[in-house]
**Q** 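First the structure, then my questions, so here it is.
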Amino acid sequence: MSVYQINKLCRQLYHDRALREAVKADPAKAIADWPLSPAERAALLTGDIKRLYEWGAHPFLLGHITRWDLFGVTPAIYAERIHGARDPA
Amino acid sequence: MAELVAAIGVPHSPHYPAQYPKDGPESTSQNFRAIKTHLDAARADAIVVIANDHFNTFFLNNFPTFAIGVADASSGPNDQAKMPHYDFAVHAELASHILDTGMREGFDFSVTQEFGVDHAVLVPLHYLTDGVNKPVVPIWVNAFVKPLPAARRCYALGKALKAAIDSLPGGLRVAVLATGSFSLEIAGPRVVPGSRHGVPDIEWSKHLHRRIGNAEIEEIVAEATPEQMWKAGNIGGELLNWIVMLGTVGNSKPCHLADHDDEDGHAYAAWRWN
């Protein structure tokens, strides 16, 4: 599995206000057209930071979602969930 | 011929401009002001900035190991750093000459002719210039997408950069400015609980600071292994920006080295000639 699309989505969320607003309004609908694997989609929608990191999502990009609490991930929740994550191979 | 008149190393934390005014009493503001005094005294005509992009100018669809910007102008920041926007000149002649010299010496730069720059370039210039009023040449080093370039390769790039400056016809006065942290984790497992940041290896940062003060540059290059830089945090590779700059310095001690920033793992150093 490549997490390229997760990284790409996180980057676009940082630069694209319209996409951010759409994710805030309806996360599943907003990312429906993104070519994510079912597992990636589920991890993102549930804010499973640890798994996304372990799959290779770049922390500098993944961390952007906390700037607007996207996918329910506040900075505090992010810090809690990233703790103990293993570095990707 | 052109000449290298100053080399400088400073951090580029994106929250600094909003937190620490240029004329503020805080130690960060004071550290930048002290460096600016040296850069002003060096009377540089152009500044080569060695920095790492944070997925703002480049992305994983095409992420360069070493890149150089060759254009007449640029602007930024192109990220969301809370700081003034700057439109500034790029020194196209110097950039082209560094590109040509680098290619001849075996450094196969990626080239961009249209680009913005992020906080890594502009936070230092915000503090160290009067409104980015000198032409800039940006050189980007991949400091945080594995695999990173080897420290020895970055050091050799610095030597090639010095040779390029020394061989540019005319009397241009050039400063080289490296930006980055020695130990920093952003949004990774080693952040301080409840925070976006962590400084995983403050002792490494102190060690590098001592080495720089003693002009032990070859030792730094030997010690900056991928494992050690990763141990210092997922942004620990920003040391490579400094190592490129140190390649231009030779074995000389800085004329100014601020006390180590024990809180953020940062150093502020300046070298001057003439």
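Keep in mind that the numbers below use all heavy atoms, side chains included, and drop hydrogens, waters and symmetry copies.
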**Q** Between side-chain atoms of residues 226-236 of chain B and protein atoms elsewhere (two or more places apart, or another chain), which donor-acceptor pairs fall under 3.5 Å?
**A**
| unit_1 | atom_1 | unit_2 | atom_2 | d |
| --- | --- | --- | --- | --- |
| B:Gln228 | NE2 | B:Asp201 | OD2 | 3.1 |
| B:Trp230 | NE1 | A:Asp87 | OD2 | 2.8 |
| B:Lys231 | NZ | B:Asp201 | OD2 | 3.2 |
| B:Asn234 | OD1 | B:Ile186 | N | 2.9 |
| B:Asn234 | ND2 | B:Ile186 | O | 3.0 |

**Q** Are there more than 12 heavy atoms of other residues, nucleotides or ligands under 6.0 Å from atom NZ of B:Lys22?
**A** yes
**Q** Does anything in residues 51-78 of chain B get under 4.5 Å of chain A by heavy atoms, and if so which residues?
**A** B:His54, B:Phe55, B:Asn56, B:Thr57, B:Phe58, B:Phe59, B:Leu60, B:Asn61, B:Asn78
**Q** Does atom CD (B:Glu26) have a neighbourhood of more than 12 heavy atoms from anything else shown, all under 6.0 Å?
**A**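 Count over threshold, so yes.
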**Q** Would you mind checking which part of A:Arg81 comes under 4.5 Å of any heavy atom in chain B, side chain (CB onward), backbone (N, CA, C, O), both or neither?
**A** neither
**Q** For residues 13-21 of chain B, which side-chain N or O atoms pair as donor and acceptor with protein atoms under 3.5 Å away, sequence neighbours left out?
**A**
| unit_1 | atom_1 | unit_2 | atom_2 | d |
| --- | --- | --- | --- | --- |
| B:Tyr16 | OH | B:Asp264 | OD2 | 2.7 |
| B:Tyr16 | OH | B:His266 | ND1 | 2.9 |

**Q** Non-hydrogen atoms of chain B under 4.5 Å away: do they reach the side chain of A:Lys8, the backbone, both or neither?
**A** both
**Q** Please name the pair of heavy atoms, one in B:Pro189 and one in A:Ala85, separated by the smallest distance, quoted to 0.1 Å.
**A**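 Distance-wise, the nearest heavy atoms are CG-O, 3.5 Å.
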**Q** Can you tell me how far CZ of B:Arg190 sits from NE2 of A:His83, rounded to the nearest 0.5 angstrom?
**A** 12.5 Å
**Q** When only heavy atoms count and the cut-off is under 4.5 Å, which of residues 68-75 of chain A reach chain B?
**A** A:Trp68
**Q** Can any side-chain N or O of A:Tyr78 pair as donor or acceptor with the backbone N or O of B:Ala187 at less than 3.5 Å?
**A**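 Indeed, once roles are kept as given, a pair shorter than 3.5 Å links the two residues.
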**Q** How about CD on A:Glu80, more than 12 heavy atoms from neighbouring residues, nucleotides or ligands closer than 6.0 Å, or not?
**A**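 Not buried by this count: 12 neighbours or fewer within 6.0 Å.
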**Q** Are B:Phe144 and A:His58 side-chain neighbours, meaning at least one heavy-atom pair lies under 4.5 Å?
**A**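 Answer yes - side chains close enough.
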